[in-house]
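The structure appears below as structure tokens.
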Amino acid sequence: HDGCGRRLSDGEFDRYSRQMIVPGMGKEGQLRLINSRLLIIGAGGLGCPAGQYIAGAGVGTIGIVDSDVVETSNLHRQVGHATARIGMKKVDSLITHLRGLNPLPTYIPHPFHITSSNAADIISQYDLVMDCTDNPATRYLISDICVLLCKPLVSAASVQKSGQLIVLNCPPAPQGLVDGKYPPCYRCCFRKPPPAGSMISCGEAGIMGPVVGMMGVAQAGEAIKILASALHVPSQDSLERNLLQPTLLIYTYDLESAVGPYSFRALKMGGRKKNCFACGENSTLTLSGIKAGSPNYEQFCSVPTSSCKL
Amino acid sequence: HDGCGRRLSDGEFDRYSRQMIVPGMGKEGQLRLINSRLLIIGAGGLGCPAGQYIAGAGVGTIGIVDSDVVETSNLHRQVGHATARIGMKKVDSLITHLRGLNPLPTYIPHPFHITSSNAADIISQYDLVMDCTDNPATRYLISDICVLLCKPLVSAASVQKSGQLIVLNCPPAPQGLVDGKYPPCYRCCFRKPPPAGSMISCGEAGIMGPVVGMMGVAQAGEAIKILASALHVPSQDSLERNLLQPTLLIYTYDLESAVGPYSFRALKMGGRKKNCFACGENSTLTLSGIKAGSPNYEQFCSVPTSSCKL
Amino acid sequence: MTNSLEAPTIPITVDFSGGLEMLFDNQRRYAVSLPATDANGKPANISFLIDHLCRTLMKDPRADLFVLDRHIRPGILVLINDADWELEGEEAYEIQPRDNILFVSTLHGG
Amino acid sequence: MTNSLEAPTIPITVDFSGGLEMLFDNQRRYAVSLPATDANGKPANISFLIDHLCRTLMKDPRADLFVLDRHIRPGILVLINDADWELEGEEAYEIQPRDNILFVSTLHGG
Ligand SMILES: [Zn+2]
Ligand SMILES: [Zn+2]
């Protein structure tokens, strides 16, 4: 039923041959990609490069969520847009670019904010979520929905000269299952948001294009391997693979010196927490509760949604 | 005389504001980028993402060398091309994309192979070179010319699930200067090429898009910092910055597990070697010799130029 | 043990990342000689280190971007030899010679 | 010292990267107990390690992709604790307990 038994068309074979011959990918991995549905939330500095490699690799259905329009100040880093598309909705602009690169996938625009009201309806249509957003309230919301819907989440963030990447909830395990080693959610790793005003906002901090670009491409790399290797399918086998060593990758870019020993660090994070508000054993988090406004993410984060779109 | 005293136009200010506010960049760094000339050799899997961030950042003059035309099997990783441009010269296709992203730079197509005969003429027109090529003979040639012309070289390579990146000859020091700590050239780090037949060719090995993409974006990051911080300008000050710790970054992508502690490793390389064939104290390498066919790069590498364009 | 100048110290490295280096003179790595015990003679732990950093290294008046109510502020991860401090006992972890302690601000931009 | 089963060994880790792992059963990291001395009683060095790896770990008939004329083949970097072996004495470097030796094939694709 997963469509992995069908033949590849000549066009597909031509296009994907160079990645299909990579050991561990093969026709099977390629068909898994073609039969997958992936959601990119945020069509900015992370979503643009991520989208290019996701589309290039042939993920069959690609949804993109963003309510913004393209601005001139985006274009040094949001490489899936174009000067001629300034003023266009970012989802439409990025899909224009991705369709030009690869017309085979189905592209689904979601040209609005992701909110407590619509998040579950959107995310439930996909197999894997990439968090390419720019504010903590949305990040907690997305993670909570991914826990409740059992979706793996590839999360990245970047400001100024720093980037971070982590694969969460992969392979997904049902909420409340804590006897054993299960992967963490966003709240397991980042229990509390920073207090209002303590965040160095992107508007004042700025952002180097290649820094956010590295993180976006890395996100695509993680998403492709998860879908192609079926690491997102809950099974004892997938749990035993070393996703059980949750890793936060941090990238530090230095304008004054070349890449060096501390440019990348892989930080060892804990697994699922028993007392996690979202995925822990006594969690009261539900889809209907979220839709009804509980928890209140804006209040939890105590800051208005960032007005700077990276 | 470096043009760094002029004002930015409103259009430039709009476009580059988010990177100009990054500490260490500023208007000064932005003007250095605008006044720089950068050469990308290879418009494939490395050159495409590298070009996007180089163009986005506003490097003023961008040359691109490649003799190939766009093919369908390129498009999973060569994200600066498009299905509608299959059959077009890669340099023209990539420039089309880059000009759409940022029309302000001057783009110079060099739609032919780089060879012993033309390399010095091309490279002499630029301030910094990015090696985005796909075969050892060309890599040795480019490095030798960069040594002789005192150009910094940002070199990357990628096959299958592995990537490598190193900044060479930066800050540049004249050939033969070996009393002290000077940065290595490609030959200092990779003295001998692999014997014919020992290389896992890309045609049989394949390539994952995000792996080569990560390396291309990282190359852009290194090039931008070098130009914006004037690390390519020979000076005691630039020599003292920690480019003197030459680092080979290696990236290992694993289809079976998420990013982890060994995904990235920063390897400590030596500095310039006294006995280096190209940059060492008794080097007989000259521009006129190279142009006349000595050394013979094809013979040195004992392998025909790779027929697989990544 | 008294707080004399000859009090034994523990050599460690302390790193700041994700923007926190801006609070510490834009320097990412410090070699720190941490007093081996606190004022009460108890072995130096992470709490004591944080206190020590605020007293000796913090160059920025905005101390509340690093510490709130004498605890590390929410939104900062503490890594002990590259492992989340929650795996090591958090504030109570007793510092060992040559430990590397990394403070990294979590990022939300994208 | 004889080559008895009780001969002392040095515990090290050996990594393969850049495609070389294909020659070693697609495994990237091995824990190796290296005999502390070679047949002549000399301390184990990198040369001896390479020989040992070919005898005990190499799973591929294409040994010449790893070793040529008993030396590591051109196009392979050897890293001793993440530093180029040329900084450490190359083949003559004497292996220390807990060393990490990385063999990485240089790449040319792009
Ligand atoms: Zn959780
Ligand atoms: Zn050299």
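To find a chain, count down the sequence lines: A is the first, B the second, and so on, and within it residues start at 1.
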Check whether B:Thr133 gets within reach of chain D through its side chain, its backbone, both or neither, counting any heavy atom under 4.5 Å. backbone

Let me know if D:Ile76 has heavy atoms under 4.5 Å from chain B in its side chain, its backbone, both or neither. neither

Starting at OH of B:Tyr251, measure out to CG of D:Leu107 and round the result to the nearest 0.5 Å. 13.5 Å

For the residue pair D:Arg28 and B:Tyr262, would you count it as a cation-pi contact if the rule is NZ or CZ under 6.0 angstrom from the ring centre and within 45 degrees of the ring axis? no

Chain B contact residues among residues 9-17 of chain D, heavy-atom distance under 4.5 Å: D:Asp15, D:Ser17

Which atoms of B:Leu267 come close to chain D, meaning under 4.5 Å heavy atom to heavy atom: side chain ones, backbone ones, both, or neither? both

Could you tell me which of B:Arg139, B:Met215, B:Lys192 has the largest number of non-hydrogen atom pairs under 4.5 Å with chain D? B:Arg139

Contact origin within D:Arg62 toward chain B - heavy atom pairs under 4.5 Å: neither

Evaluate whether atom CZ of D:Arg55 has more than 12 neighbouring non-hydrogen atoms of other residues, nucleotides or ligands under 6.0 angstrom away. yes

Between B:Arg265 and D:Val104, is any pair of side-chain heavy atoms under 4.5 Å apart? no

Comparing B:Gly216, B:Gly42, B:Ala157, B:Ala156 against chain D, the one with the most heavy-atom pairs below 4.5 Å turns out to be B:Ala157

Taking B:Cys189's backbone N and O only, do any of them form a donor-acceptor pair with D:Glu86's side chain (distance below 3.5 Å, no angle check)? no

For D:Gly18 and B:Ser162 the tightest heavy-atom approach is CA-OG, 3.5 Å

Using a 4.5 Å cut-off on heavy atoms from C-beta on, say whether the side chain of B:Pro194 contacts that of D:His108. yes

Taking B:Lys268 as the fixed residue, which of D:Asn81, D:Leu87, D:Asp82, D:Leu79 is the one that meets the side-chain contact (heavy atoms from CB on, under 4.5 Å) rule? D:Leu87

Work out which heavy atom in B:Pro193 is nearest to a heavy atom in D:Pro74; give both atom names and the distance. O-CB, 3.3 Å

Does this structure show an ion pair linking B:Lys161 with D:Glu21, if we count only N-O contacts that are shorter than 4.0 Å? no

Atom group of B:Tyr140 that falls short of 4.5 Å from chain D, counting heavy atoms: neither

